[in-house]
Engineer: 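Below is a structure I'd like to ask you about.
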Amino acid sequence: MHTVSADSEFLERVLAAGAILVNIGDIDILLEQILTEARFFTNADAGSIYTVEGNVLSFCHSQNETIISRGERIPYTRFTIPINKSSMAGYVACTSEILNIDDVRKIPEEAPYSFDDSYDRIACYRTRSTLTLPLTNNRHVVVGVLQLINAKADQREFIPFHNSMEPLAKYYATLGALALERAMMTRTLLMRMVNMTEMRDPKETGPHVNRVGSYSVIIYDSWAKANGIDEKDRVHNRDILRMAAMLHDVGKTGISDIILKKPGNLTADERKLMEKHCSIGAEVLRNCESAFDEMARDIALNHHENWDGSGYPAGLKGKKIPFMARIAAIADVFDALSSQRAYKDPWPDNKVTEEMEKLFIGKFDPDLKVHLISQLDALREIKESYPEQ
Ligand SMILES: [Fe+2]
Ligand SMILES: [Fe+2]
């Protein structure tokens, strides 16, 4: 029987993968990266990652090379699994044990868990081997579960995961758990800033800023791939952009309720005061100490600048507008048009697309148009993940 086994190259790959996780601050980017790196060093065709939320495992992210190579999208599903021993992921979350299964269709009847083939049926996929790992922190608490699917001997043959991989894979999962805890804390802090903004402006909700963060990353990623940006820079930029874009309107905390909550249109003077939210945001984010601070400040200050120079606060034109602010501006307007607001219903998809296309003349960077239009399906999937409460 073929197996993928652990050797010194494997050790090097695990260490390199762990080092990447330590530098990621955003939780969504981190979950994706924990899975990407683990699939790389175990040579797994597919995988899923879950986080523990109360007494359930929440499915966060999945990858599948075979489905992608067929030119298909991975079916979007959002579900939770009870933390008990009846499923493989639940068993691992309950026991903190690694579960290494050579063939999920040959699980002995006396095993407490069984294989649920609903994903295989929906995706026309055949799971054979799985390696399911607990993401356990240094207090021995399971914060998530990582499941790797179908180790590959070559492009076609799926084989078991070799037992010798388990200790290093477990070590990697612990690094993942620690990074995950830190990212959860960062997200909580960011959401507290966002909650303060929402108290002033009810449009700036948690789901809105999460969608703007995720949309920005998708548009950036499409651009970065098309422009040959190195993988390491791409991961770093996606990470800080995901968080920085969330703070685009943090300056609204400094705008009076009389203006923010005024029903009907603002007068010219009131609009001028409202426009100050950009410079107030930049002020809140002054003393840049990291690439994240700098990007967050750039976005807060410049997300209402227009490509033709007609925006505010400075009337910057074209490439003088920081690149990430150009991206966040597109994400923010796309979300405003496609979402429910107190004063409007969400626009239908075709009307949103039509309006966005028009705005690429004058308002948005025209080079980014293709990176919005080609990613509309992905953006709409994100929308499902962050519904308004
Ligand atoms: Fe704004
Ligand atoms: Fe916004």
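Quick note: residue numbers are just sequence positions, from 1. As the structure lists them, so they are numbered: ligands from 1, and atoms in each ligand from 1.
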Engineer: Distance check below 2.8 Å: does His304 bring an N, O or S atom to the Fe ion (ligand 1)?
Structural biologist: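 His304 does place an N, O or S atom closer than 2.8 Å to the Fe ion (ligand 1).
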Engineer: Output the atom name for the N/O/S atom of Asp249 with the smallest distance to the Fe ion (ligand 1).
Structural biologist: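 Within Asp249, restricted to N, O or S, the Fe ion (ligand 1) is closest to atom OD1.
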Engineer: Quick check: does His303 put an N/O/S atom under 2.8 Å from the Fe ion (ligand 2)?
Structural biologist: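 Checking the Fe ion (ligand 2) against His303, no N, O or S atom falls under 2.8 Å.
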Engineer: Relative to the ring of Tyr312, is the ring of His304 parallel (under 30°), tilted (30 to 60°) or perpendicular (over 60°)?
Structural biologist: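 Answer is parallel, since the angle falls under 30°.
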Engineer: Would a distance-only check, ignoring hydrogens and angles, find a side-chain to backbone donor-acceptor pair under 3.5 Å from Arg326 to Ile321?
Structural biologist: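 Confirmed, Arg326 side chain pairs with Ile321 backbone.
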Engineer: What angle, to the nearest 10°, do the atoms OE2 (Glu204) and NE2 (His208) form about the Fe ion (ligand 2)?
Structural biologist: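 Taking the Fe ion (ligand 2) as the apex, I get 90° for this pair.
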Engineer: Would you say Arg238's side chain and Val217's backbone share a donor-acceptor pair under 3.5 angstrom?
Structural biologist: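 No; zero donor-acceptor contacts below 3.5 Å.
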Engineer: Check whether more than 12 heavy atoms from other residues, nucleotides or ligands sit under 6.0 Å from atom CG of Asn265, and answer yes or no.
Structural biologist: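 Not buried by this count: 12 neighbours or fewer within 6.0 Å.
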Engineer: Is any NZ, NE, NH1 or NH2 atom of the basic residue among Arg13 and Glu9 found under 4.0 Å from an Asp or Glu carboxylate oxygen of the other?
Structural biologist: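 So Arg13 pairs with Glu9 through a salt bridge.
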Engineer: Has Asp332 got an N/O/S atom less than 2.8 Å from the Fe ion (ligand 2)?
Structural biologist: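 Asp332 does place an N, O or S atom closer than 2.8 Å to the Fe ion (ligand 2).
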